[in-house]
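Every chain is numbered from 1, with letters handed out A, B, ... down the list of sequences.
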Amino acid sequence: MLCLSVITRLCSRGESIAFAYSVDYSSRETAARLGRVTTSHNSFATPAFMPVGTQATVKCLVGEELEQMGAGIILSNTYHLFLRPGEDIISEAGGLHSFMHWDGSLLTDSGGFQVFSLASRNRLTEQGAVFSSHIDGSTHEFTPERSVQIQEKLGADIIMAFDECIPYPAEKEYIRSSVERTTRWARRCQEAQRRSDQALFGIVQGGVDQEMRLLSLEQLVALDFPGYAIGGLSVGEPKEMMYEVLDRLMPLMPRDKPRYLMGVGSPDCLLEGVMRGVDMFDCVLPTRIARNGAAMTSKGRVVLRNAQYARDFTPLDPECTCSTCRNYSKAYLRHLFMSTEILGPRLVTLHNLHFLLNLMEQIRQAIREERFLEFRQRFYTTYQARGSGF
RNA sequence: GUAGAUGUAGCUCAGCUGGCAGAGCAUCAGAUUGUGGCUCUGAGGGCCGUGGGUUCAAGUCCCAUCAUCUACC
C-alpha cells in the first residue's frame, strides 16, 4: 500500500520537530487512511475525534479523564478566550496547556465561526470583522493578523486561519466573494505568523457549490499549509449535500497533509467522513447533548429524561467499558437529570466521549484490517439515527 | 365563638361592567454538529370547593354550605 511519510518542518531554525503528519496505511477498499500527527506535546493516531473545550475546559471533565479515555488532542477557542479571560492572562499563565493543565495536543479555532454565530451586530469588511461581545456587548475587531496574534499567545499546537463561514443556503456570487476573501485572509494569517512551533491550518470554504469548493481548495493548496480543514459544512444543509461535497473534494486534497472536517461528530457522519479520507473531526454534539440528558449508544440516542427509564436499572450500554456504564443505571442517570443534579451532565459527558473515542479506535482497527466497509455496514444495522443523524 | 379574606390545571396564580377556560412552572415528548449547562418546538392536563337560585347565557351576580388562612374575643 501507498505509505506516505512527510514531515512538515515548521521550525526554520532546525530545532525539534514542531509538527509532523504521516500516513501509515491507506485503505484498499475506501479512501480511508491511518495516520499519525505529532506535535511538540504528543502524537495521536488518525482518524481522530477531538473533544471540544471551548473555554479552556471540556465541560464537566478534567484532563486526566480525557487522556484516560484516549483523547490525544482537544479544541479550544480564540473568540471565547479572547473575551474571557483574555489572551494576556493565559500567556502569563504560561500558555493554554499550562493554564488548563492539559499535556496533550491542543488546537484553537480562529474565532471566525463564533463572530458570526454568537456575536451580534457583526460587520464584515476586507480588513476583518467588527462585532459585539455576546457577554457584555463591548465592540471588538478581529482581523486575520489579530486572530493569529491571539492564537500565538494562547499557544496551541495547531492554530486555524481566520475564515468566513457562510450560512446555508447562499447565492453563488456571495460564495465566490467569501471564498476569495477567505483565501486572502489565509495568506495574511501566514504572513502574520511569528511562532515556528505552531501549525497553521487553512480552511476550505465554498458552501455546497462544487466549483467554489474546488476553487477554494486550489487557492489554499497554493499557499502550502501543513494541514487543511473543511469548514462551512454541517451548517444546516442536508447530509447528502455534505457527502457530495466531500466526494468531489477529498480526492483532490493533498495526500500528505492531515484533513480536518470541522464541526462534524455524529457517529454516521464520522463513518462517512473517514470513508472519504477525513483524518480529524471535532464536534460539540457529544458533550452538548450530554448536558441535556442524551446519551450516544450503538443503538442510537437514549434520551434519559424519557419516562421509560424511570425503573430501568440496566446501564446505558452493557457493552460499554466506561465508568458510567460500569457503575450507574439509566434509572439513576434519569433521576439525576430530573432533579438537575450536576453529576448527570458529568456522567453522560464521560460516557458520550468514551463512546465516540472508542468508535474511532474501532474504525482505525477496521481500516488496518481492511474491513472498514463491513464494520460500517454492521454499525448501521443496529444504529437508529434520529434528528442530526444521532 | 366573631369578623374578614381566599377556594380556577400537579404547583403558584390571572380571568374586567356575565358571552368558547388562561399563563408561568412542573409533567410528557422532540430539536441541538468549528459549545452560553443556554435555548427552541410541540403535546397532555380542568365537574372553576360543594349544593341551590337569578339569567337566553354564571368561574364571574345572589343564598346556603364545606375547607383553608388571618385578625379579634
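Using a 4.5 Å heavy-atom threshold, the side chains of A:F82 and A:S147 count as separate.
Counting only residues at least two apart or in different chains, salt bridge (Lys or Arg N to Asp or Glu O under 4.0 Å) contacts with residues 42-59 of chain A are absent.
A:E67 CD: 12 or fewer foreign heavy atoms inside a 6.0 Å radius. The 12-atom threshold is exceeded at CD of A:Q210, counting heavy atoms of other residues, nucleotides or ligands nearer than 6.0 Å. Applying the 6.0 Å contact sphere to CD of A:Q384 captures no more than 12 heavy atoms from other residues, nucleotides or ligands.
Look at the C1' atom in both B:rU8 and B:rC47: the space between them is 12 Å, to the nearest Å. Only the C1' atoms considered, B:rA14 is 15 Å distant from B:rU6, to the nearest whole Å. Using atom P as the reference point in both B:rC48 and B:rU55, the two lie 22 Å apart (nearest Å). Nucleotides B:rC38 and B:rA71, compared at atom C1', are 47 Å apart to the nearest Å. Taking atom P in both B:rG45 and B:rC63, one finds a spacing of 36 Å when rounded to whole Å. Remark: the separation of the P atoms in B:rG51 and B:rC28 is 33 Å, to the nearest Å. Rounded to whole Å, the separation between the C1' atoms of B:rG59 and B:rC72 comes to 32 Å. For B:rU12 and B:rC69, the P atoms lie 14 Å apart once the distance is rounded to whole Å.
Pairing of B:rU33, defined by two Watson-Crick or G-U wobble distances under 3.5 Å, is not identified with any nucleotide. Here B:rA21 sits opposite no nucleotide as a Watson-Crick or G-U wobble pair (both hydrogen-bonding atom distances under 3.5 Å). Look at B:rA67: its Watson-Crick or wobble partner, with both distances under 3.5 angstrom, is B:rU6. Pair assignment for B:rU55: none, as no Watson-Crick or G-U wobble contacts are both less than 3.5 Å. Pair assignment for B:rA43: B:rU27, on the basis of Watson-Crick or G-U wobble contacts that are both within less than 3.5 Å. In this structure B:rG1 sits in a base pair with B:rC72, meeting the Watson-Crick or G-U test at under 3.5 Å. Searching all strands for a Watson-Crick or G-U wobble partner of B:rC38 with both distances below 3.5 Å returns nothing.
Residues A:Y79 and A:H134 place their aromatic rings such that the two centres sit under 6.0 Å apart.
Nucleic acid contact for A:G232: base, since at least one base atom lies under 4.0 Å from a heavy atom of the residue. Counting any heavy atom pair closer than 4.0 Å across all strands shown, A:I203 reaches a base atom. Nucleic acid contact class of A:Q205 (heavy atoms, under 4.0 Å, all strands): base.
A:V179 is not connected to A:V221 by any chain of hydrophobic side-chain contacts under 4.5 Å among Ile, Leu, Val, Met, Phe, Trp and Tyr, and they are in different clusters.
What separates CE of A:M242 from P of B:rG34 is a distance of 12 Å, to the nearest Å. The separation between A:Y260 atom OH and B:rG34 atom P is 9 Å, rounded to whole Å. The distance from atom CG of A:L81 to atom C1' of B:rG34 is 14 Å, rounded to the nearest whole Å. Distance, A:M262 CE to B:rU33 C1': 12 Å, rounded to whole Å. Whole-Å rounding puts the A:R386 CZ to B:rG30 C1' distance at 8 Å. Whole-Å rounding puts the A:M296 CE to B:rU32 C1' distance at 11 Å. Here the P atom of nucleotide B:rU33 and the CG atom of A:D268 are 14 Å apart, to the nearest Å. Following rounding to the nearest Å, A:F113 (CZ) and B:rG34 (C1') show an atom-to-atom distance of 6 Å.
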Tabulate atom names and distances for all N/O pairs under 3.5 angstrom spanning the protein and nucleotides 36-40 of chain B.
{"from": "B:rG36", "atom 1": "OP2", "to": "A:H80", "atom 2": "NE2", "distance (Å)": "2.7"}
{"from": "B:rG36", "atom 1": "O6", "to": "A:H134", "atom 2": "O", "distance (Å)": "2.6"}
{"from": "B:rG37", "atom 1": "OP1", "to": "A:K59", "atom 2": "NZ", "distance (Å)": "3.4"}
{"from": "B:rG37", "atom 1": "OP2", "to": "A:R291", "atom 2": "NH2", "distance (Å)": "3.0"}
{"from": "B:rG37", "atom 1": "O4'", "to": "A:R291", "atom 2": "NE", "distance (Å)": "3.3"}

Protein-nucleic acid N or O pairs under 3.5 Å, nucleotides 25-28 of chain B:
{"from": "B:rC28", "atom 1": "OP1", "to": "A:R334", "atom 2": "NH1", "distance (Å)": "3.4"}
{"from": "B:rC28", "atom 1": "OP1", "to": "A:R334", "atom 2": "NH2", "distance (Å)": "2.9"}

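Note on A:D209 versus A:R248: no salt bridge recorded, every NZ/NE/NH1/NH2 to OD/OE distance being 4.0 Å or above. The residues A:E29 and A:R371 are annotated as not salt-bridged, no charged nitrogen and carboxylate oxygen being separated by less than 4.0 angstrom. The existence of a salt bridge linking A:R28 and A:E370 is confirmed by a sub-4.0 Å separation between a basic side-chain nitrogen and an acidic carboxylate oxygen.
Stacking of A:R276 on the aromatic ring of A:Y243 is recorded, both the 6.0 Å distance cut-off and the 45° axial limit being met.
If A:L285 and A:N77 are placed on RNA chain B by their nearest nucleotide, the residue sitting closer to the 5' end is A:L285.
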Self-check item: Full working for side-chain hydrogen bond (donor to acceptor under 3.5 Å, both in side chains) between A:D157 and A:H97
Solution: CA-CA 10 Å; A:D157 303 283; A:H97 288 87; 3.0 Å; yes
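At the phosphate of B:rA31, OP1 or OP2 sits under 4.0 Å from a side-chain N or O atom of A:R301.
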